[in-house]
Every structure is written in structure tokens, then in C-alpha cells.
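Counting starts at 1 for both ligands and their atoms, in listed order. Numbering of residues begins at 1 and proceeds along the displayed sequence.
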Amino acid sequence: MTYRAFHPPLRTLMGPGPSDVPPQILEALGRPTIGHLDPRFIDLMDEVKTLLQYVMQTGNALTMPISAPGSAGMEACFVNLVEPGDTVIVCQNGVFGGRMKENVERCGATPVMVQDAWGSAVDPQKLEDALVGHPEASLVAFVHAETSTGAQSDVRTLVELAHRHDCLTIVDAVTSLAGSPLKVDEWEIDAVYSGTQKCLSCVPGISPVSFSDRAQHKIGNRPHKVQSWFLDMNLVMGYWGKGARRAYHHTAPVNAMYALHEALRMVHEEGLENAWARHRHNHEALKAGLEAMGLTFIVDEAHRLPQLNAVAIPEGVDDATVRTRLLQEHHIEIGAGLGELAGKVWRIGLMGYGSRIENVTHCLGALDAVLANLGAPVNSGAALPAAEKVLAA
Ligand SMILES: Cc1ncc(COP(=O)(O)O)c(C=O)c1O
């Protein structure tokens with residue numbers, strides 16, 4: 001038996017992540033591996049931390065990349081801040097709030113669920129009612145940008161409410177980071193996690209996290225040991241903390257850190273506000289095209305994420321047929337619906353490097369061609385002119 005080297009096909013990734021990784025990041029990934037305690041690597045770690053503080057808009061000293069995907073960042077926040085017997089309010093408006101609930105239960109704590117319809121933002125009034133009804137709660141957790149629906153919630157308001165009731169906050173910013181405003185210090189978030197594979201357009205498998213001083217104080221004064229050795233921030237800090245006396249904790253994914261450094265450097269070079277504006281502009285063009293075609297968004301305009309566009313699948317159109325043809329004939333990946341939205345929506349991502357004019361027009365043209373060919377009830381030919389009008393403005 002011989003095995004051939006794996007050469008992936010060239011795709012345009014326009015789903016819910018991973019997003020397309022630009023050539024300069026792939027080039028950084030391929031640079032020679034050095035030791036994870038090499039002084040030059042330690043210098044790189046310091047820059048990665050500083051750049052992460054910039055993209056997260058925070059001065060938190062405990063800001064670092066976890067050497068594992070977004071799910072590990074989520075778990076890191078929960079296992080460090082939740083203790084057995086705690087009550088945690090979890091706001092759920094899509095798939096990922098459900099995972100937060102799982103995390104709370106696995107920490108031996110009690111989740112109190114605040115439910116909102118999938119496609120809606122988290123309702124602050126419902127959170128306030130839960131806080132009043134559960135004065136024993138010590139923590140509030142919610143998703144900023146629900147990748148399963150394309151809805152964003154008002155972090156500042158939700159955090160303010162939680163603090164008024166003496167609760168710390170955990171915010172999932174996997175899809176929001178670098179794609180739309182996320183201001184960790186200004187909004188006074190206590191713990192936040194993200195992922196590298198969305199609007200940073202880095203390789204998947206790393207999860208930036210940041211903890212406020214209040215959160216760090218709680219972690220440092222826990223009566224119970226954090227049940228996860230790998231994700232115990234008290235231990236991870238010995239490796240990622242300040243100064244040259246870094247102790248071995250785990251072997252960092254050295255080359256992936258080169259890639260993350262390059263991804264963060266690119267955001268810094270573009271400017272965070274410019275990156276947010278680019279995501280917004282390209283979303284407006286895509287939206288104009290999709291709506292001209294006759295497709296409708298499932299999230300109301302005020303709460304729509306520019307980087308994740310969820311549209312209803314037209315009546316009588318088979319979800320999988322369209323996605324398969326887009327992939328096989330046009331090399332474009334778009335996302336299917338998740339959970340209760342499976343088979344009902346398509347999720348079109350314009351994330352990071354993928355948020356480009358040519359991706360907007362490529363996707364609209366291909367979708368129009370496939371839908372028209374299938375006899376779907378769309379206004380064929382209307383999408384591209386509508387998008388171009390926005391792009392030219
Ligand atoms: C909102 C949200 N949270 C958490 C995750 C989990 O991240 P990962 O797949 O990198 O583990 C995702 C992944 O898509 C996500 O969209």
C-alpha cells in the first residue's frame with residue numbers, strides 16, 4: 001500500500017468557518033520550526049499577546065491564545081470561572097448557547113436558561129428577569145455573534161445588567177472578533193474567547209482568550225482546583241505569563257503561532273476599524289444581491305452580522321443539491337443550517353480575508369446560475385447589478 005501526499009482542492013470558503021487563509025499566513029506557517037522555549041519564540045509570544053490585546057481592545061494581562069480550537073476557549077472560560085454548586089445564567093439563541101449549558105453542567109453547576117428564538121438577539125429584559133429571579137447566580141454567559149443564525153447581541157447592555165446583579169460574564173466572540181466591533185474593556189467583559197478560523201482568517205485550532213482582573217482574581221482564589229489540568233489558567237499563565245522565566249506547560253503549536261502572529265499583524269496593519277468597515281461594506285453588497293434575487297434574511301436588519309449571512313432557502317429548493325453544485329461546479333463552500341435551522345437556511349460567510357468584493361460577486365453569480373438552472377423562484381440576473389451598485393457607491 002502506498003499513500004499519496006494530500007493536496008486539497010482550491011476552494012472559496014464562504015461558509016461559517018473556516019474562512020480562506022491568505023497566502024502570507026500560509027507562508028508564515030511553513031517557516032522553520034523552532035523550540036517553544038527558544039528566546040526568539042518567547043519574543044513572538046509577547047507580540048502575539050500584545051496584538052491580541054489590540055484586536056480584543058483590552059489591556060487585560062491575562063490575554064493569550066489557547067493551543068486548541070474555539071471549543072477549548074469556551075471550556076477554558078467555564079472550567080476556570082464555574083465551580084460546583086454555582087448557578088449560571090446562560091442566554092441561548094442558537095446552537096452555541098446550548099454548548100455553554102453543557103459546559104455549566106459538566107462543571108457541576110446549575111444552568112438557568114434564558115431562551116430566545118433562533119435568529120433573534122438575546123433579549124435584555126429576559127436576562128434581567130432571570131437575574132431578579134435568581135439572586136444566587138454568580139455568572140452570566142452568552143454568545144455575541146451566533147454563527148448558527150447570523151444574529152448579534154448587545155454585549156454592553158447584557159454585561160451591564162449582569163454586573164448590576166453582581167455576576168461575572170463569559171462572552172463567546174468566536175465569530176465577532178475582527179469582523180465587527182468587540183470592545184472587551186469598554187464593555188467590561190470578564191471572560192471572552194474566540195477562534196482563529198473566522199474573521200482572523202488564520203488556520204483553525206487556536207482560541208484567543210482574555211480574562212479581566214476580576215475574573216483573574218476569582219480564578220486565583222478558587223476553593224476547588226480547576227478540574228481540567230490543561231485549561232487551568234493558573235498553570236497556563238506560567239507559560240504564557242510575563243517575563244523570561246517561562247516554564248514548560250505544554251508544547252505550543254509553534255508554526256500555528258507564526259500564522260496567528262501574521263494574521264494579527266495583518267489586522268493591525270489594516271486597522272481594526274477599517275476591517276470592521278470592510279466587513280460591513282461587503283455585507284451590504286451581498287445583501288443587495290441576495291435580496292434582489294428574492295432571498296430573505298432570517299435575522300432582522302438591526303441584529304444582522306455582516307460576516308455571517310443566513311438566508312431562508314426558497315420553497316421547493318433542495319438545500320444539499322444547491323450546496324453540492326456550488327462546491328463541485330464553482331468551488332464555493334457555503335454553510336448549511338445547524339440544529340433547528342437544518343435544511344431551512346444557508347449561511348454565507350464573508351469572514352476575514354474572505355470578505356472581499358470578488359467573493360461577493362463570485363458567490364452571487366454562482367448562486368444565481370445554480371438556482372436559475374434548477375428552476376427556483378428567483379429573479380435571475382438581478383443580483384450582480386444590485387451588488388455592483390453598492391460596491392460602486
Ligand atoms: C459561536 C461559536 N462558538 C464556538 C465555536 C467552536 O469553535 P471551534 O469549532 O473552533 O471549536 C464556534 C465554531 O464555529 C462558534 O461559531
Inset, instruction - Taking the six-membered ring of Phe78 (Phe, Tyr or Trp), confirm whether the NZ or CZ of Arg106 is under 6.0 Å from its centre and within 45° of its axis. - result: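 Arg106 over Phe78 ring: no.
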Legend entry - Lys/Arg cation over aromatic Tyr353: Arg356, 6.0 Å, 45° cone: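 Because its charged atom sits under 6.0 Å from the ring centre and within 45° of the axis, Arg356 does stack over Tyr353.
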Does ligand 1 come near enough to [X] that some N or O of the ligand is less than 3.5 Å from an N or O of the residue?
| X | value |
| --- | --- |
| Ser71 | yes |
| Asp172 | yes |
| Gly70 | yes |

Considering only heavy atoms of [X], which atoms of ligand 1 have at least one such atom less than 4.0 Å away?
| X | result |
| --- | --- |
| Thr147 | 1 (C), 2 (C), 15 (C), 16 (O) |
| Gln197 | 7 (O), 8 (P), 9 (O), 10 (O) |
| Pro69 | 8 (P), 10 (O), 11 (O) |

Legend entry - Identified side chain to side chain contact (heavy atoms under 4.5 Å, CB included) counterpart of Cys107 within the set Asn80, Val88, Leu81, Val82: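 When Asn80, Val88, Leu81, Val82 are each tested with Cys107, the side chain to side chain contact (heavy atoms under 4.5 Å, CB included) holds only for Val82.
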Inset, instruction - For residues Phe41 and His36, establish whether the separation of their ring centroids is below 6.0 Å. - result: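 Here the rings of His36 and Phe41 have centres that are no less than 6.0 Å from each other.
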Legend entry - Protein contact to atom 12 (C) of ligand 1 [nearest heavy atom, distance to 0.1 Å]: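 Looking at atom 12 (C) of ligand 1, the protein heavy atom closest to it is Phe96 CE2, 3.3 Å.
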Legend entry - Polar side chain donor-acceptor pair, His261 to Glu47, under 3.5 angstrom: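 Indeed, the side chains of His261 and Glu47 share at least one donor-acceptor pair under 3.5 Å.
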Legend entry - Contact check, Lys198 vs ligand 1, heavy-atom distance below 4.0 Å: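 So Lys198 counts as touching ligand 1.
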Legend entry - SB check Glu27 Arg31 (cutoff 4.0 Å):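 Salt bridge flag = yes for Arg31 with Glu27.
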